[in-house]
2 protein chains.
Amino acid sequence: MKQRITLKEISKRLNVSISTVSKALSDSPEISDKTKEVIKAFAKEHNYKPNNIALSLKNQKTKNIGIIVPEIVHHFFSSIINGVERYATGKGYNVVVCLSDESFEKEVITAQMLANGSIDGFILSLSKGTQEKQDFHHLNEVINQGMPIVMVDRVTEHVACDKVIIDDTQGAYHAVSYLIEKGAKKIGLITMPDYLSVGRLRAQGYIQALTNAGFEVNPEHVLKLEELNGGQEEIKTFIEKHDFDAVFGVTEYFAVTAMKAAQKMGKRIPEDFSVIGFTDGIISQCASPALTTVSQHGEDIGKQAAMMLIDRLENEGRELKYNTNVLKTTLIHRESTK
Amino acid sequence: MKQRITLKEISKRLNVSISTVSKALSDSPEISDKTKEVIKAFAKEHNYKPNNIALSLKNQKTKNIGIIVPEIVHHFFSSIINGVERYATGKGYNVVVCLSDESFEKEVITAQMLANGSIDGFILSLSKGTQEKQDFHHLNEVINQGMPIVMVDRVTEHVACDKVIIDDTQGAYHAVSYLIEKGAKKIGLITMPDYLSVGRLRAQGYIQALTNAGFEVNPEHVLKLEELNGGQEEIKTFIEKHDFDAVFGVTEYFAVTAMKAAQKMGKRIPEDFSVIGFTDGIISQCASPALTTVSQHGEDIGKQAAMMLIDRLENEGRELKYNTNVLKTTLIHRESTK
DNA sequence: CTGAAAGCGCTTACAG
DNA sequence: CTGAAAGCGCTTACAG
């Protein structure tokens, strides 16, 4: 268990100064070729690697970026992280992944911890708790301390920073319009509570599509679920109670659960009952029949966010204005619609 | 955009030495109560937070751990990361997540980068490329430099370190035995190439179960797939060619793909055709019918690995022996079996 | 009770 | 061409 070798150690062993070693290894023209050669050979032989921590302290930048997501065992969020990781690694940055567990308190603690110098900036998607509480002081504080942040997907207008979102309303609008176009007359909506921005916006798209087609919007046809990974019973009752010929689910989980409920009732998909979900994840692909869904392109979102963050980090001089990048969604046609 | 305040700045503003400020903030008994009070009040007002990087350099430990996984958009691996993150955060550690993309080269680069001082140790699951190449010098090098690593799930005996695995053979054995018990006579196996440890071990379990029941093992009934997220065509052909009454898939993806192929052929699940998969992920839960599967408890694996790593980091004095922690699997009964 | 000094591992402006 | 010094932000053994 030999310790890693340092410049100091090399300088001692080679009887030169630390400065000389440092310069030689960075190939400075100040140093003679002969000295460089000796030093480089020795460094290589002993597998010298500069200590990142020391460099960070010296340079006042860590080349680390953080990302805080509500959960990680989730196709959409892990796709975002994937996009961030890929871009960041390409630019020489490491990614520190943190979870808020949908909790306001944990988000606050995590944001403060990240602000303690171990990273240069971070990306975050608001937790459920924070959106419910509408308290964003922790983020504004961090920004005030000079740390750039980029918000993705679950954002708020109460924090001034770069953002990457998708057009949730439009995505939902297209999906529901498609259902109507294919002949659906009675379309149910399964969504989240209004304080969750994406739920609210997607519900708007549903309403717009119905209105636009001259349908009436019946509040009875809308189910709002608190629990993002549960509510199977409620969905079952909802599907059984109304005689829908189509359902739009605001997550792929909602959609597939609705589809399974309809199947259990003996409905044929898509002849008797069509379904469209949101998020093109593994659930949609593996369901039988496979789900038609609105793809959010999570990896793109992550990539864009990482790009904006790193851009800002590397152009600290010129103050850029904050941007909001709105990405397009795509309707992916599969077997759950006609 | 005010910069974060440092001890130096506080000492200047309060006309005391840096040492005094440092001691006061750590509540040292050396400092008078009055001085402490003043300094603490000032620090609080200006929201002083010690710079983590400086602490890391001073303490020679970063309180960061790394994790390298082949991919992240994957239920099993994201579950492992989840388990690691939870435990590590509780212990005051940050988690740096890196991807190898199943590539040997990327794994080498990533391991070397992580060894450059930004973390205290890391957890890793071997990439496909590394297992194919059977080259582990990068890991042994890192260990030689004094950085502890813990391997999870995809491990090798050529690296001496702590490991957390599941009993793959036994998990597969139980699954296939269950199929036999329920009356299956002709059971297909969909697995990975032998150089992937988990594929090899699970295939062994399949063979043991058949042999134990007095069945003959027919190599024709075994399909080995290189592509972990593909092979739909091969699976379809395989299912169509043989008249299986059950299939055991070594991943949930293989299992669900086999099930869909059987369904398309008009087979009823589980009356005509039973399926069991491996990994209790979202795919298994959302498939229709829901998949019976061998749960690997990914989150537990992550938690155990983080525990072993942090244990080693915090007990550096006494050299602990390397351990291999073998976790039990559980067969989760759902709708794809009788 | 307070402060100057050394040190963690590095870089770089400045002397020689 | 080489090296001593200062500095990044902190802690701590040692003086006073």
Side-chain angles (χ1 to χ4, degrees), chain A residues 2-40 42-43 46-64 115-120 145-147 316, chain B residues 2-40 42-43 46-64 115-120 145-147 316:
Chain A
K2 39 189 163 181
Q3 275 308 303
R4 286 171 49 215
I5 197 167
T6 64
L7 290 189
K8 195 181 181 183
E9 183 67 18
I10 298 182
S11 78
K12 207 184 293 173
R13 302 273 292 274
L14 255 34
N15 271 313
V16 289
S17 75
I18 297 180
S19 335
T20 301
V21 178
S22 173
K23 287 176 195 161
L25 291 177
S26 60
D27 212 23
S28 155
E30 284 185 58
I31 306 296
S32 76
D33 286 348
K34 219 166 78 189
T35 311
K36 275 193 213 171
E37 217 169 282
V38 176
I39 294 178
K40 282 185 181 175
F42 187 91
H46 292 78
N47 196 25
Y48 170 77
K49 297 273 166 52
N51 180 324
N52 251 326
I53 295 292
L55 286 177
S56 296
L57 185 58
K58 180 74 189 165
N59 300 333
Q60 300 286 73
K61 56 180 61 174
T62 63
K63 285 273 199 170
N64 287 156
N116 283 192
S118 9
I119 57 158
D120 298 334
Q145 281 167 54
M147 172 158 294
E316 257 179 323
Chain B
K2 40 189 164 185
Q3 274 307 303
R4 286 169 52 214
I5 197 167
T6 63
L7 290 190
K8 195 181 183 185
E9 183 68 18
I10 298 182
S11 79
K12 208 183 291 174
R13 302 275 291 273
L14 255 33
N15 268 315
V16 289
S17 75
I18 296 181
S19 336
T20 302
V21 178
S22 172
K23 288 175 194 162
L25 291 177
S26 61
D27 211 23
S28 155
E30 283 185 61
I31 306 295
S32 76
D33 286 348
K34 220 166 77 187
T35 311
K36 276 192 211 170
E37 218 170 282
V38 177
I39 294 178
K40 282 184 181 174
F42 187 90
H46 291 79
N47 196 25
Y48 170 77
K49 297 271 167 52
N51 180 323
N52 251 327
I53 295 293
L55 287 176
S56 296
L57 185 58
K58 181 73 191 166
N59 300 332
Q60 298 286 75
K61 55 181 60 174
T62 62
K63 286 273 198 169
N64 286 157
N116 282 193
S118 11
I119 57 159
D120 298 333
Q145 281 167 53
M147 173 158 296
E316 256 180 323

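Order of the sequence lines fixes the chain letters, A, B, ..., with proteins taken first and strands second; residue numbering starts at 1 for each chain.
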**Q** Using atom NZ of A:K12 as one end and atom C1' of C:dC10 as the other, report the distance to the nearest whole Å.
**A** 16 Å

**Q** Quick check against the 3.5 Å criterion: does B:N51 have a side-chain atom that pairs as donor or acceptor with the backbone of B:I53?
**A** yes

**Q** Return the value, rounded to whole Å, for the distance between atom CD1 of A:I5 and atom C1' of C:dC8.
**A** 17 Å

**Q** Can you tell me how far the CG atom of B:L57 sits from the OG1 atom of B:T62, to the nearest 0.5 Å?
**A** 11.5 Å

**Q** Mind listing the closest non-hydrogen atom pair of A:N47 and B:Q145 along with its distance?
**A** ND2-NE2, 3.0 Å

**Q** Nearest to the side chain of A:E30, which nucleotide is it out of C:dC10, D:dG9, D:dT2?
**A** D:dT2

**Q** Between A:I18 (CD1) and C:dT12 (P), how many Å, whole number?
**A** 15 Å

**Q** Rounded to whole angstroms, how far apart are CD1 on A:I31 and P on C:dT12?
**A** 13 Å

**Q** Specify the residue among B:V16 and B:A54 whose closest nucleotide of DNA chain C lies further upstream toward the 5′ end.
**A** B:V16

**Q** By nearest atom, which of the nucleotides C:dG3, D:dC8, D:dT2 is closest to the A:K58 side chain?
**A** D:dC8

**Q** Quick one: closest heavy-atom pair of A:P50 and A:L55, and the distance?
**A** CB-CD1, 4.0 Å

**Q** Measure from CD1 on B:I10 to P on D:dG9 and round the result to the nearest Å.
**A** 12 Å

**Q** B:N52 has an atom CG; how far is it from atom P of D:dG9, in whole Å?
**A** 14 Å

**Q** Is there a side-chain contact between A:Y48 and the phosphate of C:dC10, meaning an N or O under 4.0 Å from OP1 or OP2?
**A** yes

**Q** Take A:I39 and A:L25, measure what side-chain contact (heavy atoms from CB on, under 4.5 Å) needs, and give me the verdict at the end.
**A** CA-CA 7 Å; A:I39 294 178; A:L25 291 177; 4.0 Å; yes

**Q** Output the rounded distance in Å from CG (A:L7) to P (D:dG3).
**A** 14 Å

**Q** Give the C-alpha distance, both sets of side-chain angles, the deciding distance and a yes or no for side-chain contact (heavy atoms from CB on, under 4.5 Å) between A:N52 and A:K63.
**A** CA-CA 9 Å; A:N52 251 326; A:K63 285 273 199 170; over 6 Å; no

**Q** List in chain and number order the residues that pass ring-ring contact (aromatic ring centres under 6.0 Å, His included) with B:F42, two or more places apart in sequence or in another chain; answer none if no residue qualifies.
**A** B:H46

**Q** Checking contacts here: which listed nucleotide (C:dT11, C:dA4, C:dT12) is nearest the side-chain heavy atoms of B:S19?
**A** C:dA4

**Q** DNA chain C: B:T20 or B:N59, which has the more 5' nearest nucleotide?
**A** B:T20

**Q** Taking CG from A:L25 and P from D:dG3, how many angstroms apart are they, rounded to a whole number?
**A** 14 Å

**Q** So, is A:K61 near the phosphate of D:dC8, with a side-chain N or O under 4.0 Å from OP1 or OP2?
**A** no

**Q** Pick the nucleotide of DNA chain D nearest each of A:P29 and B:S22; which residue has the one closer to the 5' end?
**A** A:P29

**Q** From the options C:dA4, D:dC8, D:dT2, select the nucleotide whose nearest atom is closest to the side chain of B:K23.
**A** C:dA4

**Q** For A:S32, which contact category applies under a 4.0 Å heavy-atom criterion: base, sugar-phosphate, or nothing?
**A** sugar-phosphate

**Q** Do any N or O atoms from the side chain of A:K36 and from the backbone of A:S28 form a donor-acceptor pair under 3.5 angstrom?
**A** yes

**Q** With distance as the sole criterion, do the side chain of B:S17 and the base of C:dA4 form a donor-acceptor contact below 3.5 Å?
**A** no

**Q** Classify the side chain of A:K49 and the base of C:dG9 as holding, or not holding, a donor-acceptor pair under 3.5 Å.
**A** no

**Q** When the P atoms of C:dG9 and D:dT2 are considered, how many whole Å apart are they?
**A** 25 Å

**Q** Under 4.0 Å between any heavy atoms, over every strand shown, what does A:L57 touch: base, sugar-phosphate, or nothing? Just pick one.
**A** base

**Q** Work out how far the P atom of D:dC1 is from that of C:dC10, and round it to whole angstrom.
**A** 25 Å

**Q** Wobble G-U and Watson-Crick pairs count when both distances are under 3.5 Å; given that, what is the 5' to 3' dot-bracket string of DNA chain D, with | for pairing to other strands?
**A** |||.||||||||.|||

**Q** Is B:T6 touching bases, backbone alone, or none of the nucleic acid, heavy atoms closer than 4.0 Å?
**A** sugar-phosphate

**Q** If only side-chain N and O atoms of A:T35 are considered, is one of them under 4.0 Å from the OP1 or OP2 phosphate oxygen of D:dT2?
**A** yes

**Q** For C:dG9, take OP1 and OP2 only and decide whether either is under 4.0 Å from a side-chain N or O of B:Q60.
**A** yes

**Q** Evaluate the criterion side-chain contact (heavy atoms from CB on, under 4.5 Å) for residue pair B:T35 and B:T20; output intermediate values, then yes/no.
**A** CA-CA 9 Å; B:T35 311; B:T20 302; 4.0 Å; yes

